[in-house]
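Treat the numbers as computed from the prediction; the structure is a model and nothing was measured.
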Amino acid sequence: MVDNWIDNNEDTQLDDDEVFVDNTQQEINEEPTQKRKRVGKTRSDCWKSFEKIFIDGVRHGKCKWCERVLKADRNNIGTSSLNKHANNCKQNPENLKNQQTLQFKKEPNGEGSVSTWKHDDKRIKKAMLNLFVMGGLPFKFVENEAFIEYTNALNRKVVVPCRTTISKKVSLYYQEERNKLVTFLCNPLNTVHLTTGCWTSPSKRVHYIVITAHFIDDNWEMHKRIINFKELDSQRGEDIGKEVLKCIQGWGIKNVMTCTVDNASSNDKAIEFLKNKLPNLYNEGKHFHIRCMAHIINLIVRDGMNKNDKSVKCLQDAVRYIRKFTQRIALFKKCMKAVGVESTKFLCNDCPTRWNSTYDLLKIAVDLEKAFYEYEMEDRSFARDVVTPVSEDFVTCRAMVSFLEKFKDMIDKYEKYWGDFENLNDYMYFATILDLRMKTEFLRHAFETLIKYKMPENKPLSELDITAKTKSLIKDIESRFENFFNCYNTNSNVPFKTGGSQDAVHIDDDDDFVDDYFAQSVNSSVSKETELTRYLNEGQTQGVKDFDILVWWKNNASRYPILSRMEKV
């Protein structure tokens with residue numbers, strides 16, 4: 001057998017102390033067959049590359065890389081053969097330090113390239129920390145045999161840390177990332193937008209608040225970071241405002257642009273509290289308050305569902321009753337089989353502040369109508385504890401599902417929050433202007449459409465009247481946008497350029513005659529066009545597939561230094 005193996009592997013030679021193991025002929029025992037004296041742990045570094053096994057009571061080492069088996073008898077040759085093989089094994093990663101490996105790298109544009117690869121222990125450790133943090137994995141996962149086997153298959157040089165080590169590393173990693181975030185937020189040139197939400201735990205009646213910071217970094221990448229999550233004493237407006245202010249001061253945030261909140265009266269009071277406490281708000285905080293669009297949509301849908309509240313509530317109560325205990329869930333599934341209802345989905349509860357969750361509840365429940373009737377027959381407590389749904393309720397809820405699918409707008413709620421041109425937040429207009437695909441042309445189109453839509457049938461406007469009113473609105477917005485631009489122009493550390501790419505030349509001379517000459521020359525040659533008017537006068541960018549507006553502003557920041565700063569807000 002050994003001769004045949006050598007013949008088939010001409011490039012491989014066996015040392016005198018090397019053993020070829022034929023697993024089909026000989027059994028390798030994990031422990032010696034004879035009693036041996038108890039000895040201490042193996043200390044040689046070579047055992048990092050070998051697995052200790054015993055064959056006929058004699059200690060051997062099995063290479064972890066090429067799986068060769070070598071003698072390591074304490075009473076004879078010891079570990080000298082293991083050390084020799086470990087230093088020469090061609091499959092041992094430690095012996096590949098000076099060798100470059102090629103790797104295929106996929107670029108963001110989809111194209112591929114070939115580059116050299118080098119083992120980077122720091123990068124691997126950071127990637128592992130990201131895996132545990134972003135994936136929410138428990139620290140003990142590092143001891144999972146499948147995970148260890150997977151990392152070894154990728155790179156045998158990777159040493160998987162114990163759970164104690166990785167827990168410490170995650171804590172340090174958090175502190176490092178937090179310090180980076182503090183450094184960015186403390187910079188007065190960086191603008192931060194806040195969103196906050198409050199809710200109450202249905203079980204313990206505990207109030208919670210979460211605050212998220214949104215910003216664009218120096219590389220023009222958008223980020224959102226949860227900077228506060230804690231209990232609230234109450235959901236009074238002043239208490240909410242104090243907690244948000246404490247969070248802002250705790251992080252050292254210098255420049256808060258807006259705060260987005262739900263449309264609750266307590267939040268309105270919280271916003272007023274913050275406007276009185278925060279300095280340097282644009283236009284005295286007139287546009288500091290952003291109303292949550294998702295909450296407005298939820299209010300619109302809720303208004304529609306309130307008209308059929310009885311039937312909707314009936315199904316909601318029935319679902320909550322069944323899902324309360326596992327025994328009831330099992331019985332309902334049995335009823336589904338009994339009536340021949342085949343569905344991969346099961347009853348789900350909804351959330352009062354999420355209209356789409358109510359849609360999911362109703363859509364699933366109406367498809368299980370027969371199962372509800374069967375369940376009422378099986379569970380006597382069902383009709384006693386809740387108002388059981390009847391055929392009329394299912395008909396009504398089916399219509400509601402159809403309404404939610406098409407999502408018909410309710411104009412009253414729309415008019416309240418978005419319908420008034422004068423009350424709409426200026427930042428909505430400014431963001432549209434800074435989108436080079438839209439600019440003021442999109443606003444003109446939007447205004448014309450809305451004016452025609454809201455125009456009374458008994459008092460129609462002529463095309464000239466519509467055009468005049470649209471121009472007036474656009475002119476007013478452009479004026480406010482120019483004021484906003486001037487705020488950044490006067491406070492900007494970016495040098496303001498009015499002409500071409502050449503910098504102005506300063507002549508250090510005491511001769512007033514020469515100074516007057518250069519001043520006249522510059523004034524006569526420099527274009528009166530400012531950065532703002534140059535941007536507005538340039539054509540719109542249209543028809544670009546997969547257009548990324550942040551990438552465009554990143555590439556054109558040198559042309560528009562002030563507008564690019566405004567875009568980041």
Can a side-chain donor-acceptor contact be found between Arg559 and Asn556 if the only test is distance below 3.5 angstrom?
yes

Ring-plane angle category for Phe372 and Phe394, please: parallel below 30°, perpendicular beyond 60°, tilted otherwise.
tilted

Atom CD1 in Ile124, atom CG in Leu131: separation rounded to 0.5 Å?
13.0 Å

I'd like to check Thr191 versus Phe215 (side-chain heavy atoms, cut-off strictly below 4.5 Å). Are they in contact?
no

Tell me which donor-acceptor pairs under 3.5 Å the side chains of residues 218-225 have, and how far apart each pair is, sequence neighbours excluded?
residue, atom, partner, partner atom, Å
His223, ND1, Arg225, NH2, 3.1
His223, NE2, Asp217, OD2, 2.7

When you measure from the side chain of Asp465 to the backbone N and O of Leu461, does any donor-acceptor pair fall under 3.5 Å?
no

Just so I know, are the side chains of Ile227 and Leu194 near enough to count as touching, which here means a heavy-atom distance under 4.5 Å?
yes

Can Lys180 and Glu176 be counted as an ion pair, charged N to O under 4.0 angstrom?
no

Would you say Ile433 and Thr440 make side-chain contact, with heavy atoms under 4.5 Å?
yes

How long is the gap from CG on Leu274 to NZ on Lys242, to the nearest 0.5 Å?
12.0 Å

Let me confirm one number: the CG-OG distance from Leu550 to Ser564, rounded to the nearest 0.5 Å.
12.0 Å

Can you list the steps and then say if Phe382 with Tyr321 is a ring pair (Phe, Tyr, Trp, His ring centres under 6.0 Å)?
CA-CA 8 Å; Phe382 187 42; Tyr321 173 88; 5.2 Å; yes

Side-chain heavy-atom pair Ile209, Thr196 within 4.5 angstrom cut-off
yes

Euclidean distance, Ile211 CD1 relative to Ile240 CD1, rounded to 0.5 Å
10.0 Å

Electrostatic pair Arg480-Asp476, nearest N-O below 4.0 angstrom:
yes

Does the pair Glu272/Lys269 count as a salt bridge with the N-to-O cut at 4.0 Å?
no

Would you call Glu478-Lys475 a salt bridge at under 4.0 Å N-O?
no

Name the orientation class of the two ring planes belonging to Phe229 and Tyr208 (parallel below 30°, tilted from 30 to 60°, perpendicular beyond 60°).
parallel

Answer yes or no: is there an ion pair linking Glu243 with Lys230, defined by an N-O contact shorter than 4.0 Å?
yes

Contact between Leu347 and Phe332 at the side-chain level, heavy atoms closer than 4.5 Å - yes or no?
yes

Ile248 side chain reached by Lys277 side chain, heavy atoms, under 4.5 Å
no

Is it true that the NZ or CZ of Arg437 lies under 6.0 Å from the centre of Phe442's six-membered ring and within 45 degrees of the ring axis?
no

Salt bridge between Asp317 and Lys313, side-chain N to carboxylate O under 4.0 Å?
yes

For the backbone of Pro161 and the side chain of Thr165, can you confirm whether one donor and one acceptor N or O come within less than 3.5 Å of each other?
no

Do the rings of Phe430 and Phe484 sit parallel, tilted or perpendicular, given the 30° and 60° boundaries?
parallel

Could you tell me which non-hydrogen atom of Cys397 sits nearest to which non-hydrogen atom of Ser311, and how far apart they are?
SG-O, 3.7 Å

Does Lys439 make a cation-pi contact with Tyr535 (under 6.0 Å, within 45 degrees of the axis)?
yes

Classify the side-chain pair Ser234/His207 by whether it contains a donor and acceptor separated by less than 3.5 Å.
no

Just so I know, are the side chains of Ile253 and Cys186 near enough to count as touching, which here means a heavy-atom distance under 4.5 Å?
no

I need the Lys275 NZ to Leu281 CG distance, nearest 0.5 Å.
8.5 Å

Gap between atom CG of Leu185 and atom NZ of Lys254 - 0.5 Å precision:
11.0 Å

Quick one, Met566 and Leu563 - any side-chain contact, counting heavy atoms below 4.5 Å?
yes

